[in-house]
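This structure is a prediction, so every number in the text was calculated from the model and none was measured.
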Amino acid sequence: MKKSYSIYKMCRIAIMAAILVAVKEALAWLPNGELVTSIVCVGTLVFGWEMLLSTIIFSLIEIMLYGFGMWTVVYFYIWEILVIAVMLFKPIFKRNRILYTILMGVYGLLFGFFSAVPQLFIGGPKMAITWWMAGITFDLMHCAWNLVFGFLSFPVLLKIFEKSNVIVDRIDSAV
């Protein structure tokens with residue numbers, strides 16, 4: 001009989017969400033520099049679809065901290081797109097640090113594009129394109145930071161998360 005989510009897995013989902021918030025807040029001073037993307041990617045490689053729940057909880061906590069705005073709408077699909085992209089190409093990314101790093105950079109570039117989607121519904125294509133183009137320098141910074149952080153953090157995060165996964169699996173099988 002297959003178990004549903006165990007207490008340990010639910011705790012891991014909550015802890016991953018808390019880590020995302022803590023890391024985002026710790027690097028808030030750095031223009032478009034963040035480890036959230038890297039943690040979501042590596043977390044997805046190791047924990048799979050559980051990261052969807054972690055990103056939703058992360059988004060809810062961000063709303064509690066900063067209030068509701070247009071960015072909150074974006075947060076509820078932008079991280080989920082990343083989880084889905086990583087899950088689609090999981091076997092490739094887990095074996096290839098360079099391709100993983102490239103995904104991180106491309107995602108940084110596309111962050112502004114994805115953020116412009118609500119503007120499409122508010123003011124049409126011209127508003128969405130203007131919104132995206134106005135933030136392209138931030139997307140370039142986001143790309144650069146994601147490349148650096150992604151390349152440097154990948155092996156460390158992978159090792160930590162895989163070890164955590166083994167521990168939780170052992171506890172689950174013992175219970």
Side-chain angles (χ1 to χ4, degrees), residues 16-45 49 51-158 161:
M16 290 304 294
I19 289 169
L20 292 172
V21 172
V23 166
K24 181 185 175 287
E25 296 306 314
L27 293 176
W29 61 273
L30 194 60
N32 275 18
E34 46 85 12
L35 272 170
V36 172
T37 305
S38 194
I39 292 170
V40 169
C41 286
V42 178
T44 302
L45 288 175
W49 294 109
M51 283 307 293
L52 274 176
L53 295 171
S54 295
T55 58
I56 291 168
I57 294 167
F58 165 67
S59 298
L60 289 169
I61 294 169
E62 289 295 302
I63 291 170
M64 286 185 234
L65 291 173
Y66 296 105
F68 191 82
M70 189 55 66
W71 66 272
T72 55
V73 173
V74 173
Y75 260 44
F76 279 110
Y77 65 83
I78 206 157
W79 301 113
E80 287 71 20
I81 289 171
L82 183 58
V83 170
I84 292 166
V86 172
M87 286 301 290
L88 287 174
F89 300 103
K90 188 175 179 175
I92 297 168
F93 293 135
K94 200 157 190 177
R95 290 189 315 262
N96 195 320
R97 184 178 180 184
I98 300 300
L99 286 177
Y100 165 83
T101 303
I102 290 169
L103 167 72
M104 297 279 297
V106 169
Y107 190 74
L109 282 175
L110 291 177
F111 201 91
F113 173 78
F114 290 135
S115 297
V117 171
Q119 308 309 320
L120 183 66
F121 297 103
I122 295 169
K126 286 183 183 178
M127 184 174 181
I129 291 169
T130 303
W131 179 276
W132 181 32
M133 297 315 296
I136 202 75
T137 55
F138 288 99
D139 293 338
L140 291 169
M141 283 189 286
H142 198 175
C143 171
W145 283 119
N146 276 3
L147 289 170
V148 170
F149 286 150
F151 187 79
L152 295 176
S153 69
F154 179 76
V156 176
L157 290 173
L158 190 61
F161 292 169

Phe89 versus Asn96: any side-chain heavy-atom pair under 4.5 Å? no
Quick one, Phe113 and Asp139 - any side-chain contact, counting heavy atoms below 4.5 Å? no
Test applied, side chain to side chain contact (heavy atoms under 4.5 Å, CB included); reference residue, Leu20; option that passes from Ile39, Thr37, Ile57: Ile39
Taking all non-hydrogen atoms of both residues into account, name the closest pair between Ala128 and Ala116 and its distance. O-CB, 3.5 Å
Scanning both residues in full, the closest heavy-atom pair of Tyr100 with Cys41 reads CE1-CB, 3.4 Å
Which distance, rounded to the nearest 0.5 Å, do you find between the CD1 of Ile19 and the CG of Leu35? 11.5 Å
side-chain contact (heavy atoms from CB on, under 4.5 Å) for Met51 and Val86? Distances and angles first, verdict last. CA-CA 11 Å; Met51 283 307 293; Val86 172; over 6 Å; no
Any side-chain donor-acceptor pair under 3.5 Å between Thr72 and Glu62? no
Does any non-hydrogen side-chain atom of Val23 lie less than 4.5 Å from one of Glu34? no
Does some side-chain heavy atom of Leu157 sit less than 4.5 Å from a side-chain heavy atom of Ser38? yes
When rounded to the nearest 0.5 angstrom, what is the spacing between CD1 in Ile102 and CG in Asn146? 13.0 Å
Would you check if Trp79 and Ile56 make a side-chain contact, meaning some heavy-atom pair closer than 4.5 Å? no
For Phe68 and Val73, what are the C-alpha separation, side-chain angles and deciding distance, and is it a side-chain contact (heavy atoms from CB on, under 4.5 Å)? CA-CA 8 Å; Phe68 191 82; Val73 173; 4.1 Å; yes
Look at the rings of Phe114 and Tyr107 and say which category their plane angle falls in: under 30° parallel, 30 to 60° tilted, over 60° perpendicular. tilted
Working to the nearest 0.5 angstrom, can you tell me the gap between Leu27 CG and Trp145 CH2? 9.0 Å
From Ile84 CD1 over to Thr44 OG1, what is the distance, rounded to the nearest 0.5 angstrom? 10.0 Å
Between Met16 and Gly43, what is the shortest heavy-atom contact and its length? CE-CA, 4.5 Å
Measuring from Trp132:CH2 to Phe111:CZ, what's the distance to the nearest 0.5 Å? 14.5 Å
Test Ile129 against Gln119 for side-chain contact (heavy atoms from CB on, under 4.5 Å), laying out the working first. CA-CA 9 Å; Ile129 291 169; Gln119 308 309 320; over 6 Å; no
Can you find a pair of side-chain heavy atoms, one from Phe121 and one from Val117, that are under 4.5 Å apart? yes
Shortest non-hydrogen pair, Thr55 vs Glu80, comes out as OG1-OE2, 3.0 Å
Taking every heavy atom of Val74 against every heavy atom of Pro118, the minimum-distance pair comes out as CG2-CG, 3.8 Å
Do Ser59 side-chain atoms and Tyr75 backbone N/O form a donor-acceptor pair below 3.5 Å? yes
Can you confirm whether Phe58 sits close enough to Val40 that some side-chain heavy atom of one is under 4.5 Å from a side-chain heavy atom of the other? no
How about Tyr77: does its OH atom have over 12 heavy atoms from other parts shown lying under 6.0 Å from it? yes
Within this structure, what is the CG-CZ distance for the pair Leu99 and Arg97, rounded to the nearest 0.5 Å? 13.0 Å
Specify the closest pair of heavy atoms between Lys24 and Tyr66, including all atoms of both residues, with the distance to one decimal. NZ-CE1, 4.0 Å
Side chains of Met87 and Trp49 in contact at under 4.5 Å (non-hydrogen atoms): yes
N/O donor-acceptor pair under 3.5 Å between Trp29 side chain and Ala26 backbone: yes
Hey, mind stepping through Trp131 and Ile122 against side-chain contact (heavy atoms from CB on, under 4.5 Å) and telling me if it holds? CA-CA 11 Å; Trp131 179 276; Ile122 295 169; over 6 Å; no
